[in-house]
Amino acid sequence: MAGALREAIVDWYGVAARDLPWRRAGVGAWGVLVSEIMLQQTPVARVLPVWEDWMERWPTPAALADEPPGEAVRHWGRLGYPRRALNLHACARAITDDHDGKVPSTYDELRRLPGIGDYTAAAVASFAYGGSHAVLDTNVRRVLARAVRGEEFPPKATTAAERTLAESLIPEVDAPRWAVAVMELGALVCTARAPRCADCPVAGECAWRLAGRPAYDGPARRGQTYAGTDRQCRGRLLAVLREAHGPVPKPALDAVWSDAVQRERALDGLVADGLAEPLADGTYRLPGTVI
DNA sequence: GATGCGTGGGA
DNA sequence: TTCCCAAGCAT
């Protein structure tokens with residue numbers, strides 16, 4: 001019966017899959033790795049143009065490794081979580097220095113690269129190298145929670161039970177195809193907000209739907225305002241550095257956030273994180289950049 | 001295990 | 001308008 005579920009989802013993927021550039025033939029492991037890091041907590045629609053620009057500019061890890069880290073941050077644009085740009089740059093240097101310029105192919109090697117956790121290591125090993133891993137992202141967790149466990153949403157943190165279930169579903173043949181198919185189902189049909197059960201290839205065997213789509217009764221899943229936070233302040237400051245064509249005088253940073261205490265804390269945080277660099281003359285710039 | 005970390009679009 | 005959340009990771 002697990003086999004029937006898998007087959008229905010993989011068949012659906014055959015006709016419903018999006019034509020995403022990092023899925024096309026000829027895209028190497030570097031392109032896959034770049035896409036996976038950009039897609040961490042970021043919608044596909046916003047990643048698309050940045051990925052295209054990035055791959056044209058830096059088609060290999062060595063090309064990116066030759067740049068100062070600040071250039072990666074600059075071209076990250078407004079994708080958010082800019083530490084990922086630093087992580088990708090550090091990946092490029094580690095790949096160049098320690099892996100002969102080639103993105104490593106095993107889960108364990110990938111997992112040791114900066115900013116690569118369980119999901120991303122499994123995804124790259126699967127999608128770039130055909131490996132067989134449980135690729136457990138938020139989409140897959142939601143699909144399995146509904147179809148198998150009969151609950152609207154998965155637990156807040158990944159549990160051992162979820163992992164065991166995901167591993168039990170890995171097919172012996174073409175595991176990456178199953179992994180990308182079930183992810184795609186979660187992204188397009190079995191969505192968080194308004195699932196399109198009418199279009200779902202496994203609606204007839206979905207435990208949650210068969211139970212009448214009972215509402216989630218677990219602990220509150222959210223609650224986090226953004227306005228006024230250090231995160232927003234950091235974002236404002238970094239945007240100034242990104243868009244500047246030279247070292248930025250302190251007053252230009254002061255202008256974008258009125259609370260001086262919070263502003264200084266945020267700026268110190270950016271410097272500590274390696275996202276900003278103070279110069280001897282009191283100006284600031286993206287780390288290592290010249291222009 | 002709980003927190004901090006950006007951003008923008010859709011409901 | 002406000003709220004939710006989108007292929008997570010590190011501490």
Starting at atom CG of A/Leu185, determine the distance to atom P of C/dA7, rounded to an integer number of angstrom.
12 Å
Round to a whole Å and report the spacing from OH of A/Tyr226 to C1' of B/dG9.
14 Å
Measure the distance from CG on A/Leu79 to P on C/dC5 and round it to the nearest whole Å.
21 Å
Give the rounded distance in Å between these two atoms: CG of A/Leu237 and P of B/dC5.
12 Å
Compare the minimum distances between each of C/dA6, B/dA11, C/dC9 and the side chain of A/Gln41, then state the nucleotide with the smallest one.
C/dA6
Tell me whether the OP1 or OP2 atom of C/dC5 has a side-chain N or O from A/Arg142 closer than 4.0 Å.
no
Hey, which sits more toward the 5' end of DNA chain C by its nearest nucleotide, A/Asn87 or A/Arg23?
A/Arg23
Between C/dG8 atom P and A/Leu110 atom CG, what is the distance in whole Å?
17 Å
Would you say A/Arg78 places a side-chain N or O within less than 4.0 Å of OP1 or OP2 belonging to B/dG8?
yes
note: A/Lys156, atom NZ; B/dA2, atom P; distance rounded to Å ~ 7 Å
Students often get this wrong, so: under 4.0 angstrom with heavy atoms, is A/Arg242 touching a base, only sugar-phosphate, or nothing?
sugar-phosphate
What nucleic acid atoms does A/Trp76 come within less than 4.0 Å of, heavy atoms only: base, sugar-phosphate, or nothing?
nothing
Considering only C/dA7, C/dA10, B/dG6, which nucleotide approaches the side chain of A/Arg111 most closely?
C/dA10
Using whole Å, what does the distance between atom P of nucleotide B/dG9 and atom CZ of A/Arg46 come to?
7 Å
In this structure, how many angstroms lie between the C1' atom of B/dC5 and the CZ atom of A/Arg236, rounded?
17 Å
B/dG4 and C/dA7, which share atom name P, separated by this distance in whole Å:
23 Å
Those residues of residues 118-141 of chain A lying under 4.0 Å from DNA chain C by at least one heavy atom:
A/Asp118, A/Tyr119, A/Thr120, A/Asp137, A/Thr138, A/Asn139
If you assign A/Ala194 and A/Gly80 each to the DNA chain B nucleotide with the nearest heavy atom, which residue ends up on the more 5' nucleotide?
A/Gly80
Joint cluster assignment, A/Val271 & A/Val256, ILVMFWY side-chain distance < 4.5 Å:
yes
Integer angstrom distance from the P of C/dC9 to that of B/dG8
23 Å
Of the nucleotides B/dG6, C/dA6, C/dC4, which has the atom closest to the A/Arg193 side chain?
C/dC4
Are there over 12 heavy-atom neighbours, none belonging to A/Arg149, within less than 6.0 Å of that residue's CZ?
no
Taking any heavy-atom pair under 4.0 Å as a contact, classify A/Leu238: base, sugar-phosphate, or nothing.
nothing
With the 4.5 Å side-chain cut-off for hydrophobic clustering, are A/Ile170 and A/Val148 part of the same group?
no
If you compare every side-chain N and O of A/Tyr81 against the phosphate oxygens of B/dT7 (OP1, OP2), does one of them come in below 4.0 Å?
no
Atom pair NE2/CG of A/His133 and A/Asp118 - distance to nearest 0.5 Å:
10.0 Å
Touch check for A/Arg234, heavy atoms < 4.0 angstrom, all strands: base, sugar-phosphate only, or nothing?
sugar-phosphate
About how many Å separate CZ of A/Phe153 and CZ of A/Arg142, when rounded to the nearest 0.5 Å?
7.5 Å
Suppose the criterion is salt bridge (Lys or Arg N to Asp or Glu O under 4.0 Å): which pairs have a residue in residues 91-104 of chain A, not counting sequence neighbours?
none
Between A/Leu113 and A/Val180, which has a closest nucleotide on DNA chain C that is more 5'?
A/Val180
Spacing of the C1' atoms in C/dA6 and B/dC5 (rounded, Å)
15 Å
Would A/Trp54 end up clustered with A/Leu275 when hydrophobic side chains under 4.5 Å apart are linked, directly or stepwise?
no
Which of these, A/Val47, A/Leu64, A/Leu88, sits in a side-chain contact (heavy atoms from CB on, under 4.5 Å) with A/Val34?
A/Leu88
In terms of hydrophobic clusters joined by side-chain contacts under 4.5 Å, are A/Leu86 and A/Trp30 together?
no
Base B/dG6 to side chain A/Arg231, donor-acceptor N/O within 3.5 Å cut-off
yes
Please tell me which of the listed nucleotides, C/dA7, B/dC5, B/dG6, lies nearest to the side chain of A/Ala187?
C/dA7
Could you please name the option among C/dA7, C/dG8, B/dG4 that lies closest to any side-chain atom of A/Arg83?
B/dG4
